[in-house]
Each structure stands twice: as C-alpha cells, then as structure tokens.
Amino acid sequence: MGVPNSPGDLDPVALENALMETWNEEGTFEATIESRRDHASPFTFLEGPPTANGRPGIHHVISRLFKDMVCRWKTMEGHVVERKGGWDTHGLPVEIEVQKQLDLMSNEEIEAYGMEAFNERCKESVWAYEEAWREMTERMGFWIDMDDPYVTLHDEYIESTWWSLKRMFDKGLLFRGHKVLPYCPQTGTSYSSHEVALGYKEVAEPAVYIKFKLIDDDASVLAWTTTPWTLPGNVGLAVGPDVTYCRIRIAEPPSDSWEGRGGAEVREELILAKDLLTDVLRHQIEVIDEFPGSQLIGKAYRPLFPDAVERGDSENAWTIVAADFVTTTDGTGVVHTAVMYGEEDYNLGMKVGFPAQHTVGIDGAFVAGTHHLLDGRYVKDCDSDIIDHLADEGLLYREHTYTHDYPHCWRTGHPLLYYAMDSWFVRMTAVRDEIMQYNSEVEWAPEWTGTKRMGEWLSNIKDWAISRERYWGTPIPVWICPDCGHEHCIGSIEEMSSMKTDGSPVPPELHRPYVDDVRLHCPSSGCSGEMVREPYVMDCWFDSGCAFFAQWHYPFENEDRFDGSFPVDYICEAVDQTRGWFYSLLALSTALFDSTCYRRCLSLGHILDKEGKKMSKSKGNAVDPWDHFNKEGADSIRWYMTTQSGPWSPTNFDPNGVRESYAKMFLTLWNVYRFHADYAVLDSFDADDESGYVAISERSPLDRWVLSKASEIADAYHENFESWNFHKAGRGLEGFVVNDLSNWYVRRSRRRLWDEADSTDKRACQHTLHEVLLIVCRLMAPVAPFIPDVIHRGLVGSSVHLADWPVGSSLVERNLPPRDHALEQEMSLVRSLAEAGRRIRVKADRRQRLPCRSGWIVGAPNLSEFHDILADELNVETLTTEDDLDSFQKVVLAPNRKALGAKCRADLPAVLAQLDLADPEPLLLEIEAGIAALAGYEITLDDIEVRRVEKDGFAAHTLSHDAGDVSLVLDMVLDSDLLSKGLARDLIRRVQAKRKQLDLEVEATIQLSVWIDGMELAGDDWEHVKSETRAGRASLNEGKSPTDTETFEIDRTNVTFYLS
RNA sequence: GGGCGUGUAGCUUAGUUUGGCUGGAGCACCCGGCUGAUAACCGGGAGGUCACAGGUUCAAAUCCUGUCAUGCCCA
C-alpha cells in the first residue's frame, strides 16, 4: 500500500455508513483492544447505564461522545481499554410510565392488576427503545460492547447488589428508620420533589392557635398549625432558646369582632413569642413576664389527645425542647411537633427522643385508638371536628383561614401528606470523613464539581434512604421474623436457598412478587419463626451505584476482572449525576471497599437549545441526532460538540454549527487529501518506496515548515487533552488544517505537483503531505472516528484506530517530525507580509492580478529563502530588502488650525498658503531649530503636525514583529509591460474558469482564440497564456470573433475569447 | 428557600484563574479581491451599555457586594 485511490467527492453519510460495515466485518473495535494486549496496561472505563425506556436524544450523544473520545485516545496510547455496555432497568420512572399505559392510578389498582403482570410490563417497557439506542450508539461511532452488557434486572446483577447490602448490614451500616416524604394516600405513592413540583395549588385552609396546658403551671403555651390533622400526633413543642417570649394575662373579654371558634377567659395566662403578640392575640392583655426561650425548655404539658400516642420509654415526650429552626416570622414562635408528619419534626424527634408513632395509617386514615371521634376517618375530613373538639376542651385560642401554596397529587388532585414512611437507610453519616477523603482523591473535571458541588454535599451528608415501597426494582433482601423480630440480610441466592422453608417456592427470578413468597427459617436460637421479607425494593441509584462490581457479578465470578478494574480509571456523565451516580458509586465503594471508586471523572455541562433553554419534547425544541447523522454525518456532530465549548460548559446547540464543522474541517481536510491522492495516483507515488524517499533535511523550507507546525500542533493538542480542554485541542487542530495546511501549504505547493516529470521536490512534497495527513488523522481519530479512518486507510491501508498516538506515551513511541522554531517565525512573517500586500492593494485600488514592478521589505530579518514565494504572493517582478524607509517616504507638514488660528487670526489663509508651497523637509529642520517663520509668524512644532507618507508611486504597510517594525513597500507605477502581464493573468483565469465550467479534464488540451481591443499583449505573455491554459492550438486577433464568445473588460480593454 | 454553574456582536464563542495595549475569532450581512481551490480562501466594513446596579483601584469583561435571567441539584 502507499498509493491512495482517487477518493472523489466527499459524501460523509455514505462514507460513514460504509465504514461502519467495514468495522463490523473486520472486527476493528475488538482488534483495537486485542492488539494492545501485549502492553498489559489496562485503562478502565465504566459506562453509566442509560435507561432505554425513552428515545435517545442529542444530549445522550454528547455524553457518549466524551466517553468514546477518551477511550479511543487511551487505546491509541497503547492501553487495553475494554468497554462493557450497561442498562439501568429499575425505578420509579419505569413504573410511572407503565401505570400511565395501563391507567393504574394507585397501588391498590396495581395490586388488583397483579404485581406479576405489572412487573412483566415494566420489564418489557425498559427495552422499548433498546433498538433505537443501539442504532444511535453505532451510528455515532461509540465503541462499546453492547452484546454483553450488564443489566440491573438480571439475577446475577441483583445477586451482587444483595451481596453488597449484606456486607453493609454486617458492618452495621444498614438500619431501619423513617423518611418523611410527600405522600398521596389515594395512590399509595410517595413523590419525588420533581413530581411534587407538578402539583402545587393555592388553597385556603383552617389554621389554629392551640393552647398547650403546662403541668405545674397555670399558663398555656400557644402554638400554631395549618394542619390540624397532625395535632393528635403532637408529642412536643419546640422553642428558639434565644427567642424572647412573654407570659401574658388576658385583661378583658374580646370585642365583638371575634370570628370563629375558640377564645380565652379573663385572667387566663398564655406564653408566646414577644414579636408575635399583636399578630396572634385578639384580647386586651397585660404582659406579666419576659424571658428567653431557654427558660421554657424541659417544661411538661398535657397531651391534646392522651390516648393517641404511647409514651413508651421517651422522657421528653410532651415537653418543650429547643430547636434552631424556630423563627418569629409566623405562628407564635412555638412549633408544634408531630414527629411523623414533617421532616424537621422527625429529625428533631430523633434527636431529643420523642416517640415515633403513627396516628395516621398508610391509607390516610387515623389509626384505631387515636380518638373515638377520629378513628378510621380520612384525615383531611377531620379538620373541623378536631377544631370543635379542642374548642370544647377549652384548648383552642383562635382559628383563621390561611391561604398558601400546598403540594397536591398531580394525578388525583388530593393534598399530599408529609408522612414518615418506613425505610431502610445506609448510615452514610458514619463514613463521612472517609467518603470526603476518597472524593478528594478523584481528579475532577471541572475541579469545582468535586471540591464544591460534591464536596459541599458530602460535608452535610445524610443517611441514605435506600428502600422504596414500590414493585419494580431490586428487592431488599432483608427478612424479619414475626415471632422474635430477628432481622436477617441475605447475601446470595445460595444463602436464600439454604434458609428457605420447605413450603416456600423457589423464585423463578429475583423480583417481586416471587421473592415475597419466600419464607426463611429464623436462625435465632430457640425461635422457630418463619421470616418474612420486608416488602421494599431498592432505590435504583443503589442499583446503578453497584455497577463497578455488579457488572462482573463480583464476588461470585470474575474476581480478577474486578480487581483489575477497580478503582475505575475514567467515568463521564452530565453534571446532574453529581448527587446521582457519581455519589452512589462513591458511597458504595466507600462503604464496601474503603476506597475511592474512580480516578478521573468528567462532568459534562448540559446541552440546551439555541436560546439556552432546556430541550424537552413538550417544548418541541429537542434536536434529533439523526437529522445530522443523515446530513453532515457523525464526525461533524462530534467535532462540533467537541470544539464549540468546554466539555463542562452548558452549551447552546446550534444546528448551523454542525454544518460549519463539516464545511470547514472535514471538507477542507478531505480536499487536501484528495489533492494529494489524485497526484499520488497519477505519479504512482509510494510512501514506502525507500528509493524515492526524500530526507526531511533535504526538503524545501515550505515542507520543513509545515512538518514543524504539525509537531507543534500535535504537542499542544496532547496537552489540551491531558487537561480536559478538548475544545481547545480541536480548535487548534482545525486552525492548522484550514489555515496552515490547506490555505498555505497546499496552495503554495500546488504547482510543485503539477510538474509532470518526476522530481525530488515533487516527491518531497508528496512525502510531506503523506506524513502531515497521517499525523492529523491520528490526532483527530478519537474525536472523529470516521473520515480520518478512511483517509488513513487510503494512505497506509490500515485503520487509524490501530495506529499509535503520534505524540507518544509511556507505551508507544513518539513519532513527530522535528521542530524548527526559526523557520516557523520566518514563515509567520512571510505570511504577514503577504497579507500586508493584499491590504496595500485594497487601499491603493490595485487589483491583485496586475503585477507591480518592485517590492521592498524593510526592517525584516533575512527572508531570502522565501523571496520566490513572497514575490508570487505579492505579484511583484522583483523583491528586495532595504534597510530603511527614507527612500520611499516624504515628510508632510499639516497645519494645526486651532493653534495657528489663535496665533495668526486673519492672516491664517496666507500662512496656510505658504505652508502649502514650502518644501517640507527643510522647513521641518527650521521649525526644529526654532527659526521657522511663515508670512511673518513664528512657527513652532505645536503649530503643525508632522506626518510621514509614501512618496508618489509607492504604497506601504508596516506591521509589528518580534524584531521590531517590518514594512512592505510596493511600487505602484504602471507601464504597458505590466498591463500586458496583468491582462495575461486575467485572460488565463477567465479561460480556466471556462474550462471548469465546461467540465474539461485537467489534462485536456483546447483550441483557444482571443481578440483584444485596445492593448498590446506581449509575445511572452501570449506564450504564457497558451501554456497555462493547455491551448494546443491558439490564435490571437485572427479573423472575426464568432458570436458564442466570452467577453470581458479589464483596464479599459475589451477582450473576447473562444475555446473549443 | 439553599448549594453549584452560566450570562461577552443577530448567532456560536475566546479572554475571567494571575485586573493593564484599541475586548479577539468564526457564521450571517455589506464592499472589494483571489481561485483548475471546496459548502473554500484573502483584504476591508458594519455590528459590543462585556446581563444590570453599586463598590475596590491609577486602571475592571476580569476582584468584591447586591439584583435579574437561565440551568442543574437539594428543600
């Protein structure tokens, strides 16, 4: 190999689809892994499992891109990078989706439908879009093993999670408690905050001020609540220790304006916060005493509903305790605490030891024994009866209507109850220091995700509620003995089988309801109870957090694979996973293995629509990746996503940007390749043919320059990869390909390859192109795996993905050409001078094709190597170097009218006239010497402005350079010789355009007839036209022009031509 | 309500860590040039209250405070 085929036009979609076929046929992905085995240096990646119950969108493409990119890069660096796919298959969203499909509104309805059938539907639904995911994954070029993925619903996976739970159970990290959640008794479901947000409604509800009668004191403490149904559950009152409270006495009966139930006797004493006296009280009062809340602490009061809650062994029940959350913004400054019906209440209750007992059942009705008026009734129906009852008992001070936003069930419309659900917890608070330590060992990108977002969260870590009262999920493997209360956690299928009672069925899979039917022999000595499984499933974050070991079915299998891949080298997901998967992985590795879980974590910013809004189906602003897969191709999307912003920045997706990536990067690269390949075929160029090789030191400065630049760009690219700045890497490389390689090197080298004879210079150019293209393709391959692979295959016959990283690594050799800094600097100046020339011509209105007689470079280092290139770029006949600008410039003295006007007044016109006539250079000398005078007035430097301008016939431009200012001067004089040359160039260009328009072969010869009216075309120039346009036969001003001719006017000359 | 990001030209963005030259590119637009060189390229032009308001400083897009918008997470 070594002779590329002529590649033709770029059709990215066809190219990529064909290449996918090739990859499948030749097993390229597998080969990239196997070919690195001899290094035995793994780089491990863990796929965060997606859920396939929704169609993949553009935001999934971006996270899969950054996963793929790093894995491909590390492979090229010589590592073995195995990539196992995974699927997340459990969880509430799956259940909700199925409930919608089946129109099952509540747990009761699910159970009536049948748990077995329901779970079967859930299992089906998680594969609904698997095909779409596979297609997207393959089409975008994400290389991952999708044929042998880990799946969280597989028994093997579940068994591993059971093992982990048992391990924590044995460590004492697992415990049973309550978690207060917004709960809908009608549907039997608790809600996530996201669902809660769907159902806020403004409601007017009864709010009451309740008198809690102190024991050993005549006064009552006044407390406020908007949820009377929680009052039977009251077990304590909370005050702010530093808040000022008052003891007051009712002085007079209220006025007639009293509304509603309740009241107080004259001389009755009440206690409440000083700041709220006037808000709360409707009586004339006298303040008896004033004291801080700390003085109230420990005082006992009489329960409102004495039978509702049992004291148990609680010493603090029905006493006043301190809490830091008490404020005086509303209420009375005393907070009624019902442990089971508020998160703060629950936390406080646990802290001070209030009894944690439900007065309300899971059905939303008061439990039997609460109060004879309430037992068995739905709590929200009881508000008024509770208020009546308390009024009758003399415990109600006042009621009023309170309007506020309150969460409601988005399905049934009922108000949600904050309700303490039974729950199993992992005691993360016990390993807080450890998890913070392991977090700090992770290399986070960006750093603040780890130090701030994750760090802040970990420093306030809470115990992790891992159980859910749901149906579809990993069953919690804890069984409890109804006889003795013994708790047992099962850690394997084998353990379950060995403890199973004879009457229990063998579960066909580790899901509900099958596992629920399994009874276990109680292992406590002397107990013959049959243990029953706790009816919960696991939080699906626990599932996916087990991935790093459960993907291998560790510890039951694959111990070596786990050991060899832990901690994981690299994970990558979007930033919303900080408290999700990033956390659950770290939590589990800390609790199970006393280790960090991953060494490097890239946290991606979200992809938003063009206006910075979240993409969602309902808004209709979601982008379908296939729109671009089928248009610009996957490489263009990948390159666009990589280069347009930092990976962690939120990104506004602009479809036009994808087109731009295609047009700039890929089309340019392709055409460079095509240019090389076309001539390589023509010349039978073989890069491997040593006899034709030209050593780099023997090549032209232009070759050595582009090779040096390629080296520079490769090193920068690599450094940016190392520091996660993939966007900067890509932009740098794109700049090189478009500006340096295509727009300078190829443009300047074009003529070298046109030469039909074999020459060292031509071969030098071909080797250079070959080498630079290889470097570029290898650098691009991790980002854009398709087009660079096709080019690479065209150049050397093998996949770019099997090639080594050109920058080298600890495992592979560095393979980059030598740098030549001096040459790079010189070329930079040459290019700047060429640009300066174009600027001069625009300003001087001199078209580019009309040559200049002379050009001079002033103040530059020696650029003689590049005079040919520069003369050609500038279109000058001769180019020479000068030491200073004096011979091209003259002094112009412009009047300072403001200064001169003040001095000369009415004589100003005369002074200006003399200034105009004066020879500026001697006059300036006189002014500087202080002896100048015009029309009788002394002239100083303040009166004039000194400018230096080009002498007539010259135009110049000065640019800054490291070594100082460098100027370019062009000779603007015209003569017939130059006009003839200019005309010839225009004629050539017109003919060439016509050739292209007629779609002639590059080598085809033509017959050319030209008629010029108004100018003489020099003989040499006519010869030049004929050779450039491959005119085999040609005529100039012979006969009359036929009618179907091209005509144009240039420099006031009419030109007509005809070709056939 | 709290935590963490983001906000620069019509659009996508660089610059913010470490304050310092006239805030730099690309797309789109206008004028011109160049081209057997492509959906390209080159020169020039127009387009900016650097989200807003204060503050620190000789000097603020950059540092500080507050506000607004937007996103994620938590309540």
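Sequence lines set the chain letters: A, B, ... in the order given, protein chains first and strands last, and positions in each chain run from 1.
- Nucleotides B/A14 and B/G26, compared at atom P, are 15 Å apart to the nearest Å.
- Among the protein residues, A/F675 comes within range of no part of the nucleic acid, since none of its heavy atoms lies under 4.0 Å from any strand.
- A gap of 37 Å separates the P atoms of B/G45 and B/G55, to the nearest Å.
- Under the side chain to side chain donor-acceptor pair (under 3.5 Å) criterion, no residue pair touches residues 657-670 of chain A, with sequence neighbours excluded.
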Output one line per pair: protein atom, nucleotide atom from nucleotides 5-8 of chain B, and distance, for all N/O pairs under 3.5 Å.
| residue | atom | partner | partner atom | Å |
| --- | --- | --- | --- | --- |
| B/G5 | OP1 | A/K452 | NZ | 3.2 |

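- The side chain of A/V575 has B/C72 as its nearest neighbour among B/U12, B/A75, B/C72.
- Contacts of A/R731 with the nucleic acid, taken as non-hydrogen atoms under 4.0 Å apart, involve only primed sugar atoms and P, OP1 or OP2.
- Scored by the ring pair (Phe, Tyr, Trp, His ring centres under 6.0 Å) test, A/H727 finds no partners at all (sequence neighbours excluded).
- Here B/C72 is the nucleotide among B/C72, B/A39, B/G26 with the atom lying nearest to any side-chain atom of A/H606.
- More than 12 heavy-atom neighbours from other residues, nucleotides or ligands sit within 6.0 angstrom of CD on A/Q1007.
- Here the side chain of A/E456 is nearest to one of B/G3, B/C72, B/A39, namely B/G3.
- Distances were taken from every side-chain heavy atom of A/L667 (C-beta onward) to each of B/C11, B/A39, B/A75; the shortest belongs to B/A39.
- Between the A/R453 side chain and the A/W448 main chain, no donor and acceptor come within less than 3.5 Å of each other.
- Near RNA chain B, meaning a heavy atom under 4.0 Å away, the residues from residues 739-746 of chain A are A/N739, A/S742, A/N743.
- Between B/C64 and B/G7, the distance separating the two P atoms is 15 Å to the nearest Å.
- Applying the salt bridge (Lys or Arg N to Asp or Glu O under 4.0 Å) rule to A/R731 yields no partners; only residues at least two apart in sequence or on another chain are considered.
- Screening A/F542, A/W541, A/F425 against A/W464 for a ring-ring contact (aromatic ring centres under 6.0 Å, His included) leaves a single residue, A/F542.
- Heavy atoms of A/N656 sit under 4.0 angstrom from primed sugar atoms or phosphate atoms, though from no base atom.
- One N or O on the side chain of A/S636 and one on the backbone of A/E632 form a donor-acceptor pair closer than 3.5 Å.
- Side chain to side chain, A/W744 and A/E873 fail the donor-acceptor criterion of an N or O pair below 3.5 Å.
- Look at OH on A/Y583: it is 19 Å from P on B/C4, rounded to the nearest Å.
- Where RNA chain B pairs in unbroken runs of 3 or more (Watson-Crick or G-U, both distances under 3.5 Å), the stems are B:1-7 with B:68-74, B:10-13 with B:24-27, B:29-33 with B:41-45, B:51-55 with B:63-67.
- Taking atom P in both B/G5 and B/U65, one finds a spacing of 12 Å when rounded to whole Å.
- Nearest to the side chain of A/R659, among B/G2, B/A28, B/C11, sits B/A28.
- Using a cut-off of 4.0 Å between Lys/Arg side-chain N and Asp/Glu carboxylate O, A/D463 and A/K179 are scored as not salt-bridged.
- Within 4.0 Å of A/R985, counting heavy atoms only, lie sugar-phosphate atoms of the nucleic acid but no base atom.
- Judged by distance alone, with hydrogens and angles left aside, the side-chain atoms of A/N439 form a donor-acceptor pair with the main-chain N or O of A/G450 at under 3.5 Å.
- When atom types are taken as modelled, the side chain of A/H628 and the backbone of A/P625 share no donor-acceptor pair closer than 3.5 angstrom.
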